[in-house]
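Structure first, commentary second.
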Amino acid sequence: MKRLEQLKEIADESMAGLEAGPALRQRILSRAGGTHTVRTGRCWIAVAACCALVLAVGLPVGLNMIHSRSNSTMTVGSLGSGSAGRELATVDTDKATLTVTRKNAGSAQSILGDGLIRVNGRYYRQLKGIRIDSSFFGSSLGSVQEKCSDLTVTTTPIASTVISAGTEVYGVSGMSGTLVACTVDGQVQLFQRVTHAGNALVGGEGLADVLQLRGHVRAMSLSGVGIVEGSEAERLFGLLLSSASYDGSSNLSGKQVLIIELDNGAAVQLNVSGYRIGGCGVWECADFIDSFPRQ
């Protein structure tokens with residue numbers, strides 16, 4: 001049995017040369033010898049029935065094929081196809097930056113909140129208005145064991161000022177030295193590594209350990225100076241890691257803010273005062289500040 005997709009070709013072959021009307025009827029009558037009126041009438045009816053059957057079967061199938069092709073065309077058109085679709089997606093990803101990143105280029109924007117989590121001696125401060133999808137969660141770091149207002153008076157490994165006991169805490173994939181997260185009432189809460197109560201680096205950590213973001217930087221803005229994006233942002237971030245020198249575990253307040261936006265939709269904040277930046281520890285970074293393009 002031939003496939004339904006070949007029905008059109010089968011019909012074309014079967015019906016080739018046939019035309020509805022008196023000529024067709026005359027041809028049928030001639031072949032019958034013109035003597036058996038009843039038989040030729042039945043033959044005419046049989047031919048008409050065959051034609052009707054072909055139309056009854058073929059028309060819905062043909063319409064269905066047209067409908068399917070139409071739907072396929074609409075779907076591809078709405079999603080984009082080939083290199084053009086991929087190119088558009090790439091452009092959108094490369095150019096899209098968080099609103100706060102762009103605003104910060106003009107005037108300082110703070111994204112650091114008040115909530116804290118301590119995980120095995122490392123402190124993380126809550127980020128305001130910054131969200132990521134839970135698909136970016138890495139390994140579990142354990143559950144919050146205690147919620148208290150002052151983390152310096154508790155010795156439990158995982159404690160928080162804002163997250164209830166029993167809540168699972170995760171490192172953000174590839175950057176748990178900088179960001180941890182948890183889910184509260186269906187919403188992801190994100191926390192950034194910071195200095196707290198004189199506690200900053202742990203063991204032999206360096207800036208690359210507490211800013212574990214290499215390869216993920218999408219944009220950076222320095223308030224009152226400007227914004228850099230894409231490969232230039234990644235290059236400047238590399239300069240920051242290689243040129244900054246540790247200047248202590250105190251907190252730093254300044255009039256400028258450096259926001260580093262990441263490819264998972266998150267961002268971190270560093271405070272800037274002159275050639276010094278503060279996040280987890282204070283770091284001297286003249287080469288980085290001088291190299292940041294003025295706009």
Side-chain angles (χ1 to χ4, degrees), residues 97-118 122-130 150-152 161-162 172 175 177-180 190-202 205-214 216-229 232-262 266-295:
T97 57
L98 295 173
T99 301
V100 69
T101 311
R102 292 200 176 280
K103 285 185 176 179
N104 185 65
S107 59
Q109 306 289 312
S110 177
I111 57 175
L112 286 173
D114 297 324
L116 287 167
I117 283 183
R118 185 184 65 228
R122 295 170 173 84
Y123 289 84
Y124 299 81
R125 187 171 294 279
Q126 193 169 14
L127 288 164
K128 300 183 298 182
I130 305 297
D150 185 356
L151 298 186
T152 63
T161 61
V162 291
V172 173
M175 46 188 86
T178 307
L179 294 168
V180 299
L190 200 60
F191 295 77
Q192 171 194 328
R193 183 80 180 272
V194 294
T195 295
H196 180 68
N199 298 287
L201 305 183
V202 175
E205 288 180 324
L207 185 57
D209 299 303
V210 297
L211 282 180
Q212 194 180 14
L213 310 174
R214 191 188 292 273
H216 297 283
V217 175
R218 187 164 68 178
M220 291 193 295
S221 63
L222 181 59
S223 53
V225 177
I227 184 172
V228 290
E229 301 176 76
E232 181 62 10
E234 187 67 51
R235 186 191 71 80
L236 280 179
F237 180 73
L239 178 62
L240 172 61
L241 294 184
S242 63
S243 65
S245 58
Y246 188 56
D247 197 32
S249 60
S250 61
N251 288 306
L252 177 72
S253 59
K255 293 183 178 180
Q256 287 179 290
V257 166
L258 175 69
I259 288 182
I260 304 174
E261 183 179 328
L262 309 173
V268 299
Q269 172 184 327
L270 302 174
N271 294 328
V272 180
S273 179
Y275 287 137
R276 304 167 79 218
I277 65 169
C280 183
V282 177
W283 305 80
E284 189 81 20
C285 52
D287 289 346
F288 170 76
I289 298 298
D290 285 341
S291 297
F292 207 100
R294 268 63 182 169
Q295 296 175 357

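What you are looking at is a predicted structure, and each value in this text was computed from that prediction instead of being measured.
- Among pairs with a residue in residues 284-295, those fulfilling side-chain hydrogen bond (donor to acceptor under 3.5 Å, both in side chains) read Tyr275-Asp290, at least two apart in sequence or across chains.
- Separation of atoms CG (Leu190) and CZ (Arg125) is listed at 14.0 Å; rounding is to 0.5 Å.
- In this structure, Ala244 and Cys285 approach most closely via the heavy-atom pair CB-CB, 4.0 Å.
- Partners of Ala197 according to the side chain to side chain contact (heavy atoms under 4.5 Å, CB included) rule, which considers only residues two or more places apart in sequence or in another chain, are Thr152, Asn199.
- Among the candidates Leu211, Leu112, Val194, the single residue satisfying the side-chain contact (heavy atoms from CB on, under 4.5 Å) test with Leu270 is Leu211.
- Residues meeting the side-chain hydrogen bond (donor to acceptor under 3.5 Å, both in side chains) test with Ser110, sequence neighbours left out: Gln269.
- Judged as a ring pair (Phe, Tyr, Trp, His ring centres under 6.0 Å), and not counting sequence neighbours, the contacts of Tyr123 are His196.
- Checked against side-chain hydrogen bond (donor to acceptor under 3.5 Å, both in side chains), Ser107 has the following partners two or more places apart in sequence or in another chain: Gln109.
- Ile130 approaches Ala266 most closely through the heavy-atom pair CG2-CA, 3.7 Å.
- Rounded to the nearest 0.5 angstrom, Phe288 CZ and Ser242 OG are separated by 10.5 Å.
- Taken from CG in Leu151 to CD1 in Ile117, the straight-line distance is 9.0 Å, to the nearest 0.5 Å.
- Judged as a salt bridge (charged side-chain N to carboxylate O under 4.0 Å, His left out), and not counting sequence neighbours, the contacts of Arg122 are Glu205.
- Every residue meeting the side chain to side chain contact (heavy atoms under 4.5 Å, CB included) condition with Ser250, not counting sequence neighbours, appears here in chain and number order: Val282.
- Closest approach of Ile259 to Ala267, counting heavy atoms only: CG2-CB, 4.1 Å.
- Remark: Glu234 CD to Leu213 CG distance equals 9.0 Å, nearest 0.5 Å.
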- Task: With side chain to side chain contact (heavy atoms under 4.5 Å, CB included) as the test, would you mind laying out the steps for Ile111 and Asn104 before giving the verdict?
- Result: CA-CA 10 Å; Ile111 57 175; Asn104 185 65; over 6 Å; no

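- At a threshold of 4.0 Å, the pair Glu261-Arg102 does not count as salt-bridged, since none of the basic side-chain nitrogens sits closer than that to a carboxylate oxygen.
- Summarising the geometry of Leu239 relative to Ser243, their closest heavy-atom pair is O-OG, 2.6 Å, with the distance given to 0.1 Å.
- Of the inter-residue distances, the one linking Leu222 atom CG with Ile260 atom CD1 reads 10.5 Å to the nearest 0.5 angstrom.
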- Message: Determine whether Val228 and Phe292 satisfy the following criterion, side chain to side chain contact (heavy atoms under 4.5 Å, CB included), listing intermediate values before the conclusion.
- Response: CA-CA 8 Å; Val228 290; Phe292 207 100; 4.0 Å; yes

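- Using a 4.5 Å heavy-atom threshold, the side chains of Val272 and Ser223 count as separate.
- Residues passing the side chain to side chain contact (heavy atoms under 4.5 Å, CB included) test with Asp114, sequence neighbours excluded: none.
- Qualifying side-chain hydrogen bond (donor to acceptor under 3.5 Å, both in side chains) partners for His216, counting only residues two or more places apart in sequence or in other chains: Asp263.
- The two atoms that bring Thr178 and Asp209 nearest to each other are OG1-O, 4.3 Å, heavy atoms only.
- In this structure, the side chain to side chain contact (heavy atoms under 4.5 Å, CB included) partners of Thr195, at least two apart in sequence or on a different chain, are Ala200, Asn251.
- Taking both residues in full, the closest heavy atoms of Asn271 and Leu252 are given as ND2-O, 3.2 Å, listed atom of the first, atom of the second, then distance.
- Annotation: salt bridge (charged side-chain N to carboxylate O under 4.0 Å, His left out) contacts of Arg214 (sequence neighbours excluded): none.
- Between atom OG of residue Ser221 and atom NZ of residue Lys103 there is a gap of 12.0 Å, rounded to the nearest 0.5 Å.
- Listed by chain and number, the residues in a salt bridge (charged side-chain N to carboxylate O under 4.0 Å, His left out) with Asp247 are Arg276 (sequence neighbours excluded).
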- Message: Could you go through Tyr124 and Gln192, starting from their C-alpha distance and side-chain angles, then the distance that decides it, and tell me whether this counts as side chain to side chain contact (heavy atoms under 4.5 Å, CB included)?
- Response: CA-CA 5 Å; Tyr124 299 81; Gln192 171 194 328; 5.9 Å; no

- I would like to know whether Gln256 and Val225 meet side chain to side chain contact (heavy atoms under 4.5 Å, CB included); could you show each step before the answer? CA-CA 9 Å; Gln256 287 179 290; Val225 177; 3.6 Å; yes

